[in-house]
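All values below come from the heavy atoms of this structure, side chains included, with hydrogens, waters and symmetry mates left out. Numbered from 1 within each chain, the chains take letters A, B, ... in sequence-line order.
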Amino acid sequence: MTDPEAALGLAVQQALAAEFGPEYGTADPLIRPSSFADYQSNAAMSLARAIGRPPRDIAASVAARLAEGSASATVLRSSPGEDQPGTDLAGSDLVGSAEVSGPGFINLTLRDSWIAAQAAAQLRDPRLGVPEEPADLVVVDYSGPNVAKELHAGHLRATSVGDAVVRVLEYLGRKVVRAAHLGDWGTQFGMLIEHALDVGQEATYKQLVAGEFTAFYQAARQKFDANPDFADRSRERVVLLQAGDEQSVQLWTLLVDDSMEYLRAIYTRLDITLTDADMDPESFYNPMLADVCAELEASGVAVISDGALCAFPPGFTGRDGNPLPIILRKSNGGYGYGSTDVAAIRYRLRDLGAQRIIYVVGSEQNLHLAMVFAVAKQAGWLTDKASAEHAVVGLMTAKGGGRLKTRAGEQVKLVQLMDEAVERANQVIADRYPDPVERTRIAEAVGIGALKYGDLSVARDSSYALDYDRMLALTGNTGPYLQYATARIRSIFARAGLDPAQSSGPIELTGQPERALALQLAGFGRAVAEVAETAEPHKLAGYLFDTASAFTTFYEQCPVLGADEEIRQSRLALCALSLRVLVTGLGLLGIPVPERM
RNA sequence: GCCCCGAUAGCUCAGUGGAUAGAGCGACUGCCUCCUAAGCAGUAGGUCGCGCGUUCGAGUCGCGCUCGGGGCGCCA
C-alpha cells in the first residue's frame with residue numbers, strides 16, 4: 001500500500017537523478033494534484049536554473065524516462081533513514097503516461113492496474129494504508145472546562161478539535177496524554193467560595209445540585225465586580241484555599257464534584273474521549289508552584305517586581321513599552337494562571353517526558369502561551385528535543401462579529417446547541433422510522449454528527465459567528481452527508497446478505513467513477529498523517545467529503561448488485577473499502593456513524 | 001502605541017509558489033418502475049480588500065496602507 005503522491009515523487013526523483021546526477025535525487029519533486037491528469041510534477045521549472053537547461057527540456061527527459069519505466073534501475077531514497085516498506089517502485093507499473101505541457105509541467109497519469117492493486121492492498125491492510133509513527137509522547141491540552149461554569153457553545157471547537165487530534169495521533173501510534181486543563185483554582189474560586197459562605201452551604205448545595213452553575217457563578221461575579229470589599233475577600237480566600245484551609249477546601253470540593261458530574265455527562269453525549277483521569281486540574285499543580293518559583297528565581301529567570309514574582313521573557317513588551325511579565329506569584333502570595341501554566345509545562349516536559357505539547361486553545365491566549373513557551377525555553381525545560389505549539393482555536397463571535405457577552409445573554413450553552421441539533425435531525429426523520437427507539441438513536445447520531453462536523457470541517461483558527469443554520473445544517477458538505485454514504489454502502493451489503501468484512505475483490509477498474517474512487521481512497525493515509533502534523537482536523541474532514549462524493553458518483557453510475565459476477569465482486573470490494581475508510585475517518589473525527597439513516 | 005489573526009462567489013468557507021481560483025448553502029433547470037432523493041446531473045454567480053515589490057510564475061512570499069476581530073501587570 002503506497003501513497004500515490006509519494007510513489008510518484010520517488011519516481012520523479014529517480015528520473016531526475018538518472019538524467020542529471022545523483023544530487024537531484026533529493027530535490028523536491030513538487031507533485032501536485034492536477035486538473036489535466038492524476039498529478040503533475042512542477043520540478044522541471046524549479047530546477048531549471050540549477051540544472052542550467054530550459055524547463056521544457058528537463059521535463060521532456062524526465063517524462064521520457066518515466067514513460068519507459070527505467071526509473072527503477074537506481075533506487076534512491078528521498079532522504080537517508082527514511083524507509084518506506086512497500087514502496088516498490090517499478091516505474092513501469094506505476095506511470096501510465098507522462099506528458100510535458102505548458103512551461104514545463106509534467107502531467108502524470110497512473111496506470112489503472114497500479115491503482116487497482118493499491119486498492120486491493122489497502123483493503124487487505126488492517127491500517128488502511130495509514131503509516132505507523134513512533135510512539136513519542138504527545139500531550140494535548142484541550143477543551144478548557146471550568147469548575148462551576150457550564151460549557152458554552154464556544155467550548156465546542158477547542159473540545160472537538162482537540163479530541164480529533166488525540167484520536168488521530170493515537171491511531172498513528174503516538175502515545176497521547178489528554179489534558180483538559182480544568183480551571184478549578186483561580187481567583188474566581190475565592191469569589192465562589194465567598195459567595196457560598198454568604199448564601200449559606202445549604203442554599204449553595206441546592207443550587208448546584210439543580211445544575212444551576214451559571215446562575216450561581218453569575219451571582220458571585222456580579223458581587224465581585226460591584227463590591228470591592230467582596231473582591232478583596234475573594235482574593236484573600238484564594239490564598240486560604242491554596243494554603244489548604246479546611247472550610248475553603250470543603251466548599252471547593254463540593255463545587256468540583258458537581259462540576260465533574262456535569263462534565264462527564266456532556267462529554268459522553270458528545271462522544272469526547274476525555275475521562276476523569278484526563279482532567280488536568282490547575283489544583284494538581286499547586287504542590288509544585290513553590291518549587292517552580294524557587295527554581296526560576298534561583299536561575300534568575302524570575303525576579304521580584306512590585307512585590308510579585310515575575311518572569312520577563314525577552315521580546316515581550318506591554319502597552320507602555322516596558323517588559324511584560326508572567327506573574328508567577330502575586331504580591332499577596334497567591335498563585336494565578338501564569339503560575340499553573342508554567343508549572344504545567346515543566347511537569348509535562350520534565351516529569352512526563354513529552355516530546356510534543358499541543359495546546360488547543362483560543363486565539364486570545366496567543367500572547368500568554370508564547371510567553372509560557374519562552375519561559376520554558378529560558379528555564380531549559382523546552383529544548384530542541386521537544387516542541388510546544390499553540391493550535392489556535394478561533395473565537396466564537398456574536399452575530400455582528402464582536403465578543404459574545406454573557407450579560408447580554410449572547411452566550412449559548414453547549415447543551416442547548418446539542419439539543420437543537422438533535423431536534424432538527426428529529427424533525428427531518430419524523431415520519432421515517434417505525435421504531436421510535438431507533439429513530440431517537442439516529443436523530444442523536446445525526447444531530448451530534450452535524451454539529452461536530454460543522455465545527456471540524458473549517459480551519460480551526462477561523463473565528464465564527466454563532467449561527468444555528470450554519471452549524472446544524474443537514475445537507476451538503478455536512479456530517480450527515482458522510483454518514484449517509486456509509487448507510488448506503490451498508491444497505492447494499494444488507495440487501496445482498498453479505499458481510500463487508502468478507503469482501504476481498506479482486507478489484508478491477510472498469511470505468512472512470514471506479515478509478516476516481518480508488519485513487520481517492522489511496523489518499524487516506526496522507527490525509528490522516530497531515531492532521532497529526534498540523535493539528536488541523538479540517539483536512540481530514542475535507543478528504544472524507546471528497547471521498548464520500550467520489551463514492552456517491554460511483555454509486556449513481558455503477559450498479560453493484562446487478563453487475564456481472566466479476567465486476568460485482570470488484571465493486572463490492574470497492575464498497576467495502578469505502579465503508580472502512582469513511583467509518584475509520586469519521587471515527588477519527590469523533591463523529592458517530594449510525595448503521596441506518 | 002505595539003503584537004497576533006483575518007479580508008476569496010449573494011451567504012458560509014476550502015485552497016501545498018504553478019495552467020482556466022474550488023466546495024456547500026441560496027437561486028434557476030432537470031432526475032425516484034432502477035443497490036436509501038439527507039442524494040445526483042447541470043446553469044448562473046469572482047477586479048482573491050488596496051498599492052508596491054520578489055519570482056519564469058503570486059489568492060499563496062515580503063513591505064506599506066484600509067477595514068474587522070483579539071491581546072498587551074497581579075481575571076483565566
Side-chain angles (χ1 to χ4, degrees), chain A residues 30-36 40 42 45-46 48-49 54-55 101-105 107 144 146 181 183 185-188 191 224 235 282 305-308 310 315-332 334 336-338 340-341 362-368 370 392 394-395 397 401-403 425 428-429 432 446 450 454 457-459 461-465 467 469-471 473-478 480-481 483-485 487-496 530 538-539 541-542 545-546 549 552-553 555-563 571 575 596-597:
Chain A
L30 292 171
I31 306 294
R32 300 285 183 269
S34 174
S35 45
F36 300 92
Q40 62 187 47
N42 303 327
M45 288 162 307
S46 71
R49 184 163 296 175
S101 166
F105 301 109
N107 290 337
N146 286 292
H181 200 60
W185 208 239
T187 299
Q188 57 184 328
M191 170 184 99
F224 185 87
R235 292 195 186 90
E282 292 181 307
S305 166
D306 290 345
C310 300
F316 296 92
T317 53
R319 215 186 299 271
D320 50 10
N322 292 328
L324 193 63
I326 283 192
I327 294 171
L328 299 168
R329 190 179 59 230
K330 296 192 278 190
S331 48
N332 69 357
Y337 78 125
T340 44
D341 281 347
S363 60
E364 77 277 13
Q365 300 225 36
N366 186 272
L367 177 62
H368 170 65
V392 175
L395 247 48
T397 67
R403 242 206 144 141
V428 171
I429 62 170
R432 229 172 275 189
V446 169
S457 59
V458 295
D461 58 347
S462 63
S463 61
Y464 57 116
D467 177 349
D469 290 339
R470 181 187 66 77
M471 299 181 83
L474 300 172
T475 58
N477 184 356
T478 62
Y481 179 83
Q483 294 170 325
Y484 186 58
R488 285 172 132 185
I489 298 172
R490 284 199 164 106
S491 172
I492 291 174
F493 283 99
R495 187 168 285 266
E530 217 173 331
H538 81 280
K539 290 181 173 165
F545 177 69
D546 290 343
S549 292
T552 305
T553 301
Y555 180 88
E556 296 282 338
Q557 294 183 32
C558 305
V560 177
L561 298 179
R571 289 181 177 171
C575 285
R596 284 214 303 158
M597 61 184 281

* Look at A:R319 and B:C3 and indicate whether a side-chain polar atom (N or O) is within less than 4.0 Å of OP1 or OP2. => no
* Per A:T187 side chain, nearest of listed nucleotides B:G15, B:A76, B:G1 -> B:A76
* Asked: Taking only N and O in the side chain of A:S491, is any of them less than 4.0 Å away from OP1 or OP2 of B:U36?
  -> yes
* **Nearest-angstrom distance, P atom, B:C11 to B:U29** => 23 Å
* To do: Measure the distance from CD on A:E556 to P on B:U36 and round it to the nearest whole Å.
  => 12 Å
* **Nearest-angstrom distance, C1' atom, B:C61 to B:U55** => 10 Å
* To do: Establish, with yes or no, whether the OP1 or OP2 oxygen of B:A14 is under 4.0 angstrom from a side-chain nitrogen or oxygen of A:K539.
  => no
* **B:U47 to B:C4 separation - P atoms, rounded to the nearest Å** => 31 Å
* Residue-phosphate contact under 4.0 Å: A:R571 side-chain N/O, B:C35 OP1/OP2 -> no
* Reading RNA chain B 5' to 3', what string of ( ), [ ], | and . shows its pairs, if Watson-Crick and G-U wobble pairs count only when both distances fall under 3.5 Å? -> (((((((..((((....[...)))).(((((.......))))).....(((((..]....))))))))))))....
* Is A:F105 stacked on the base of B:A19, meaning ring centres closer than 5.5 Å and planes within 30 degrees of each other? -> yes
* d(CD, A:Q40; P, B:U16) in whole Å -> 15 Å
* A:T553 vs B:A41: side-chain N/O to OP1/OP2 distance below 4.0 Å -> yes
* Can you check B:C32 for me, syn or anti if syn means within 90° of 0? -> syn
* Would you please name every residue forming a ring pair (Phe, Tyr, Trp, His ring centres under 6.0 Å) with A:F545, sequence neighbours left out? => A:Y481
* With respect to the side chain of A:F36, which nucleotide from B:C35, B:G18, B:A19 is positioned closest? -> B:A19
* Structure fact -> Rounded to whole Å, CG of A:N477 lies from C1' of B:G39 at a distance of 14 Å
* Considering only B:G39, B:A38, B:C56, which nucleotide approaches the side chain of A:R488 most closely? -> B:G39
* Structure fact -> Separation of B:U12 atom P from A:M471 atom CE, nearest Å, is 14 Å
